[in-house]
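Everything below concerns the one structure shown next.
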Amino acid sequence: MSDSKQDLILQGLNDAQLEAVTTTEGPLLILAGAGSGKTRVLAHRIAYLIRSYGVNPASILAVTFTNKAAGEMKERILGLLAGASDQEGEEAQLHVMPGKAPKGQVPAMGTFHSICAQILRREIQHLNRANNFVIFDTLDQVSVIRDLIKELSPHSSFAPRAVLSAISRAKSDMQDASEYARQVDPNYFTDLVAQIFPRYEQALKANEALDFDDLLVLTVELFENNPVVLAKYHGKWQYISIDEYQDTNQVQYRLAKALAREGHNICVVGDENQSIYGFRGADIGNILAFTKDYPESKIIKLEQNYRSTEPILQAANAIIQHNASRSNKELWSARKSGDKPLIYEALDETQEAKYVIDQIKNMHNSEKIPYEQMAVLYRTNAQSRAFEEACISHNIPYRLVGGVKFYERKEIKDLLAFLRYIQNPEEKVSFKRIVNVPPRGIGTTSLREMLDWAAQVGGLKQAFGLLRDSQSLDDIPINSRGKNALQDFAQMLASWEEIYRTCNILELFDAILDSVNYLSYINDGTDQAQDRFENIQELRKVISSYTEYGPVHGLTIFLEESALLTSVDEADFHQDAITLITMHAVKGLEFEVVFLAGLDEGLFPHSRCLDSEKELEEERRLCYVGITRAKTWLYLLHTQMRTTWGETSPSVTSRFLTEIPEELVEYDSFDEDIAPARSAYGIALPPKQPLTSGQKDLQASKQTSKFKEGQKVRHKSFGLGRIVQIKGEELSVVFEKAGLKKLLESLAPLEKVDSSQ
DNA sequence: AGCGCTCAGCTTTTT
DNA sequence: GCTGAGCGCT
């Protein structure tokens, strides 16, 4: 180890960062504000451990928030160790995941879920479960729960997803079905959940499947009940770091605790102000409890922000000030000068998108900002649509993060189901999906008969064996037509299983495509067919990168990694394109230019969070996360009206916007009384275009009302407000104190207010 | 058995 | 305004 290389690792760090990097022994809590260089610190710290302490890389475990982050950190560390410069602009390597690490000694890195999956793949037999378990994604879970609801409460109208999230919440709090039933407030809904919960767990077991929560829960169970296995991993991982610790839930917390053995070389990094996953059980309490759990722990605060300009930070700080509970860190930036955040009020979401795209074009052409340095952030995935359409019509390249995921598309799920079923022949969700795809004459009746019979003879695998080999098929209780079709299917299965055992995953994939004629099944002559075809080619390309693992193992690794990809992992960051992304998924990323769209009450903060102060504060932290993604330019957007589910209704400016003092922001051509979007209205919607019913109403209303939209008014009891929409007699008015009210013009005690006052 | 049409629910956020 | 479950027709 040369001094110059060690210098490189410590070079360019500020005092606090330096201390964090060189504090290697004992528990360490790093409170790292947004943009304070925590990723850099973590990478340098690991490089330092290896280079200066001679720690074996294989005895280091780093838990990251996405697999992409793990890949990037791995690159950085390798760069540092190789003596390369650690400057920005490293190529992010996609699909670098723990299972695919090159041979040799490397740290274990990945999300909690992917690390646990790997542990369970080796150890789950200690819990009497099958090693070839499949991982159920949300759609698989919903399908199981839908069946159970139908069975247990055929006429109930509860959404499977609501039941699922109740179960998932319980599991991430380490409650099993009976504990849930004991502890929950009984009502009609929770009674149903309590009934479904144990059946759902049984169904998973019967399918030899694990859901996302199981990966964590079972690993904790394994560690807490099996000292020998735990000792093995204690021996393996001496140095542990966990990123985004403020977003760990109860299971993850228990996992971290179990792993940090006597040496307590555990380093956690987090920021209370960026805790945004409370809805899935994350508990800020975990980061606060760290110093209690480890009394000898050291705390280091990183308070210098290297990312954003001071005006952007001021806006972020102004908003977070409104949270009663917040961390007392004061972020500061050396980038003192810069543009203030720019607020723009659009007429509706279409105009909002148009404005954003115009600005993006502008920035790209005149400021020479590459597209990849610009991002549009929003609260809900549904908002992406308007931006996608605007990008398409203005020829702006974009990448959509999240939304309908690649691996959730029908054709991809189909083909994955074939692979999954081959890996695990007892898994019925996949089986049901593929048994009649493409249609081969196995309908609901035959399927039911097959499943019933399989249950009697000891499982699907057994049943298919009998179907192939049996001398007297007459004994098999399936109608003859279905039986023939199932027999043919059994033959196909047998040939795939042979290929599975002897050939690589690509050969298996091609054999399936070929023997079921999947491509011609997909090709129905519609526009979608081409998309589907391309998706299949894309899938084939991904699969071809797993051939090196050989038979059996290649399929296991591929299925595991594809199931555990995060939305950020899935996105292609290689081309110069703007990013469309939710504020949840954007955590950890940064851009020169950030557009925060949809700052309307009910959307952001979301209506479901309005009646709980706790959830409202989480929304505010989400806003803080969004703002602090911006390095140099920040746009804050809201609308006057918005269309959801084909219904147009007036919007109310988000409280988050009004929480920023006026002197900290600027307005884009915003006139106090006549909003700019109104003047753009005529230009943007020439009469040639067909009008929606809402717009027609708006037009019609203009002649009859004595008020104008945008008009300031005073109401006898509600006080000052502004008219946002006129539909005939009905006025929608947003009051400063009372919020949105719908009033009848002929009855409401309303008077115009002079705009000059 | 399989296709196509209609209607309902949907949108918080994610592994 | 979209997806997908369910029903009815062939």
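Computed from a predicted model, the values in this text were never measured in an experiment. Computation of the quantities below employed the complete heavy-atom set of this structure, encompassing side-chain atoms and omitting hydrogens, waters and symmetry-equivalent molecules. Just so it is clear: chains get the letters A, B, ... in the order the sequence lines come, proteins before strands, and each one is counted from 1.
- In this model, a donor atom of one side chain and an acceptor atom of the other lie less than 3.5 Å apart for Glu208(A) and Asn424(A).
- In this structure, Ile149(A) places its CD1 atom 15 Å from C1' of dA8(B), rounding to the nearest Å.
- Using a distance-only test at 3.5 Å, with no hydrogens or angles considered, no donor-acceptor pair links the side chain of Gln141(A) to the main chain of Phe136(A).
- For Arg146(A), a side-chain nitrogen or oxygen approaches OP1 or OP2 of dA5(C) to under 4.0 Å.
- Summarising the geometry, the separation between CZ on Arg481(A) and P on dA1(B) is reported as 6 Å, rounded to the nearest angstrom.
- Salt-bridge annotation for Glu352(A) and Arg642(A): present, with a side-chain N of the basic residue lying under 4.0 Å from a carboxylate O of the acidic one.
- Nucleotides dG4(C) and dT13(B) place their P atoms 16 Å apart, quoted to the nearest Å.
- Distances shorter than 4.0 Å separate none of the side-chain N or O atoms of Thr644(A) from OP1 or OP2 on dT11(B).
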Grab the N/O contacts between the protein and nucleotides 13-15 of chain B below 3.5 Å, and write none if there aren't any.
| from | atom 1 | to | atom 2 | distance (Å) |
| --- | --- | --- | --- | --- |
| dT13(B) | OP1 | Asn381(A) | N | 2.8 |
| dT13(B) | O4' | Arg379(A) | NH1 | 3.2 |
| dT13(B) | O2 | Arg379(A) | NH2 | 3.2 |
| dT13(B) | O2 | His584(A) | NE2 | 3.3 |
| dT14(B) | OP1 | Thr582(A) | OG1 | 3.0 |
| dT14(B) | OP2 | Asn381(A) | ND2 | 3.4 |
| dT15(B) | OP1 | Ser567(A) | N | 3.0 |
| dT15(B) | O3' | His113(A) | ND1 | 3.0 |

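- Within the 4.0 angstrom heavy-atom criterion, no nucleotide atom of any strand lies near Asp137(A).
- Computed from coordinates, the Asp147(A) CG to dG6(C) C1' distance equals 14 Å when rounded to whole Å.
- Looking only at distances, no side-chain donor or acceptor of Gln250(A) sits under 3.5 Å from a matching main-chain atom of Ser172(A).
- The distance from atom NZ of Lys150(A) to atom C1' of dG4(C) is 12 Å, rounded to the nearest whole Å.
- Residue contacts shown for Thr643(A) are absent, as no nucleic acid heavy atom lies under 4.0 Å away.
- dC10(B) atom C1' lies 13 Å from atom CZ of Arg385(A), rounded to whole Å.
- Geometric assessment of Arg121(A) against the ring of Phe133(A) yields a positive cation-pi assignment under the 6.0 Å and 45° thresholds.
- A straight line from NZ of Lys410(A) to P of dT3(C) spans 14 Å, rounded to a whole angstrom.
- When the nucleotides dA1(B), dG2(B), dC2(C) are ranked by their closest atom to the side chain of Thr445(A), dA1(B) comes out on top.
- Figure legend: cation-pi geometry between Lys413(A) and Tyr407(A) absent, as NZ or CZ is not positioned both under 6.0 Å from the six-membered ring centre and within 45° of its axis.
- For the pair Tyr521(A) OH and dG2(B) C1', the computed distance is 11 Å after rounding to whole Å.
- With the nearest nucleotide of DNA chain B identified for both Gly441(A) and His606(A), Gly441(A) has the one nearer the 5' end.
- The side-chain tip of Arg621(A) does not point at the ring of Tyr624(A) from less than 6.0 angstrom away and within 45° of straight on.
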